[in-house]
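For reference, the structure discussed in these notes is given below.
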Amino acid sequence: MKRKLIAAIGAAGLLVSVAACGSDDGKGSGADGFQGETLTVWAMDGSTPDGWTKDVEAAFEKKTGAELKFEIQQWNGIQQKLTTALSEENPPDVFEIGNTQTPAYAQTGGLAELDDLKKSIGADWTETLNAPSVYDGKQYAAPWFAANRVVVYNKKVFKEAGVTEIPKTRAELFAAFDKIKAEGKAEPVYMPGQNWYFFDGLTIGTGADLVKKKGGKWVSNLADPKVGEAMEIYQKYASYSTAPKDKDEATPQQAEVFAKGKVGAFIGMGWESGVAIKANPKIEKDIGYFTIPGESADKPEGVFLGGSNLAIAAGSEKQELAREFLKIALSDKFEGQLSKELGVIPNKESLQENLKGQPAGEAAAPAVAAGGTTPLIPEWAAVENPPNPIKTYMTAVLNGKSHAAAARQVEGEFNKRLAQKQ
């Protein structure tokens, strides 16, 4: 998901503290506790399927007596729109927010603290999914759902090359690629030089930190040998591909390349198979999915966990009612229902059983526990603005530069972006 620098929220949105916004008018919970009130929820396009929405609205009205109003938003331009809304007197009460965007909004003071909610319903939230909701040691949002990359593969290509079992380790996957290469009928894997989020997952797997503190400021840690280890793994994948070294997975769309039937696999999101099928309906029967294998069979490869959190505006005058909504929407019942309907990863490991029958989701789930995100600091937002210096680093390495030299090449720009005022 795309990120931009998030401007500081205006003073109007910050003058109202969580305590001042709490429901202190004597209203209690229950079917008549919030009679006549309306709670406004901003949700992103595609996040609230019809069945889930209808059932949540019914449950909310039954429990509170209030009306629930979903307002669907588009990702394009949402950060500026939300920043503006949070600075006004009547912000949306609850809103969906990209998980890696949460720290920047929390820093501005626009999000209500939710430590009480974490204690009451979030004791068993998956740790890696909850991490982006925490800033400066406090809970500012709640994990809603996530998704991560898997190996999307062509069963026919694998079978014709003699690969009859799903690879369980990275070495087995590369051995499968060797067989496909030897067969000579297909490109083993489509891996462009700037598939940045896949690379980020590899750095998570090697335990690398992309930034470090120096003199009280965040600076590049790209020169870390552990980052180099991740890049070596990426280089191995890329060695099986003829994809451009200076392009990402969207230029061209890797799923459309895969759709032609001459590629063994690509690393992508489950929904990308739909792009391939649209381009070539005949390929649908040949598409399969499996977890990106790591060094050993008992631990999948590191993955970037993209997803959404739910947050309450600090300026909302309906703090208690908003919490009632979150308790319903994030309950096991509705988390499970959302997972079934969308195929997304729920916020608790115990709820992953709801992914049965969702092959891409079933392949993604095993990697969640060891997954992660980009650095959870507000300063990170500027780093990924194009041209992303880490993508420049990746291309440089693939074109023959050493890890250290490529890291030095982009260090100045990397640090400049980290130093931009938020």
Side-chain angles (χ1 to χ4, degrees), residues 100 128 131 148-151 167-178 188-214 218-241 243 245-246 248-249 265-268 290-306 366-377 380 383-384 388-415 418:
T100 59
T128 54
N148 53 272
R149 285 159 179 77
V150 298
V151 180
K168 301 297 183 184
T169 66
R170 191 188 305 134
E172 290 178 3
L173 179 59
F174 291 152
F177 290 163
D178 285 332
V189 62
Y190 185 81
M191 182 58 65
Q194 298 183 348
N195 191 336
W196 145 240
Y197 285 117
F198 173 51
F199 175 63
D200 182 59
L202 296 178
T203 67
I204 292 166
T206 60
D209 292 318
L210 295 174
V211 295
K212 62 183 178 181
K213 270 286 183 71
K214 184 178 181 180
W218 290 106
V219 297
S220 169
N221 194 40
L222 208 58
D224 187 339
K226 290 183 179 180
V227 176
E229 290 177 25
M231 193 60 209
E232 287 180 8
I233 299 171
Y234 193 99
Q235 283 180 283
K236 182 67 173 180
Y237 273 92
S239 70
Y240 291 101
S241 178
K245 294 181 174 62
D246 60 349
D248 62 22
E249 68 278 16
F266 69 93
I267 307 297
F290 58 88
T291 308
I292 305 173
E295 186 172 356
S296 59
D298 61 340
K299 186 177 180 181
E301 192 64 85
V303 293
F304 170 76
L305 299 172
V368 171
T373 65
T374 52
L376 295 172
I377 56 174
W380 183 259
V383 174
E384 293 187 50
N388 182 338
I390 301 179
K391 287 186 175 183
T392 303
Y393 154 83
M394 294 169 68
T395 294
V397 173
L398 292 177
N399 280 329
K401 279 198 173 184
S402 69
H403 156 68
R408 285 196 301 270
Q409 176 184 330
V410 302
E411 187 176 71
E413 178 62 22
F414 200 142
N415 290 340
L418 287 170

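Atoms considered below: every heavy atom in the structure, side chains included; atoms not considered: hydrogens, waters and symmetry mates. Quantities reported herein were computed from a predicted structural model and do not represent experimental measurements.
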Exercise for the section: In sequence, state the C-alpha distance, the side-chain angles, and the governing distance for F199 and F304, and then conclude on ring-ring contact (aromatic ring centres under 6.0 Å, His included). Expected result: CA-CA 9 Å; F199 175 63; F304 170 76; over 10 Å; no
Handout entry: Gap separating the CD atom of Q194 from the NZ atom of K245, nearest 0.5 angstrom
Key = 12.0 Å
Exercise for the section: Sequence neighbours left out, what passes ring-ring contact (aromatic ring centres under 6.0 Å, His included) with Y234? Give chain and number order. Expected result: F198
Handout entry: Side-chain heavy atoms of F266 within contact of E249, under 4.5 Å
Key = no
Completion exercise
The reported gap from CH2 in W218 to NZ in K212 (rounded to nearest 0.5 angstrom) is 11.5 Å
Exercise for the section: Would you check, one step at a time, whether the test side-chain contact (heavy atoms from CB on, under 4.5 Å) holds for Y197 with E384? Expected result: CA-CA 11 Å; Y197 285 117; E384 293 187 50; 2.5 Å; yes
Exercise for the section: Determine the minimum heavy-atom distance between S220 and N415, stating which atoms define it. Expected result: N-OD1, 2.7 Å
Fill in the blank from the handout: Note: P300 and P366 closest approach over all heavy atoms is CG-O, 3.6 Å
Exercise for the section: Evaluate the side-chain proximity of T203 to K226: yes if any heavy-atom separation is below 4.5 Å, no if none is. Expected result: no
Practice task
Supply the atom-to-atom distance L210 CG to D224 CG, rounded to the nearest 0.5 angstrom.
Solution key: 9.0 Å
Problem - Side chains of I267 and Y237 in contact at under 4.5 Å (non-hydrogen atoms) - result: yes
Exercise for the section: Would you mind reporting whether T100 and W380 have side-chain heavy atoms less than 4.5 Å apart? Expected result: no
Completion exercise
To the nearest 0.5 Å, atom CH2 of W196 lies from atom OG1 of T392 at 12.0 Å
Practice task
Decide whether E413 and Y393 meet the rule of one side-chain donor and one side-chain acceptor closer than 3.5 Å.
Solution key: no
Problem - Residue of the set V368, I292, T128, T291 for which side chain to side chain contact (heavy atoms under 4.5 Å, CB included) holds with N148 - result: V368
Exercise for the section: Taking all heavy atoms of Q409 and all of A396, pick out the closest pair and write down the distance. Expected result: OE1-CB, 3.8 Å
Exercise for the section: Might you point out which heavy atoms bring G371 and L305 nearest each other, and give the distance in Å? Expected result: C-CD1, 3.7 Å
Fill in the blank from the handout: Taken to the nearest 0.5 Å, the spacing of T206 OG1 from M231 CE works out to 12.0 Å
Handout entry: N221 (side chain) donor-acceptor with D209 (main chain) under 3.5 angstrom
Key = yes
Exercise for the section: Give, for atom CD of E301 and atom CG of L173, the distance between the pair rounded to the nearest 0.5 Å. Expected result: 9.5 Å
Problem - Crowding at NZ, K213 (>12 non-hydrogen neighbours, <6.0 Å) - result: yes
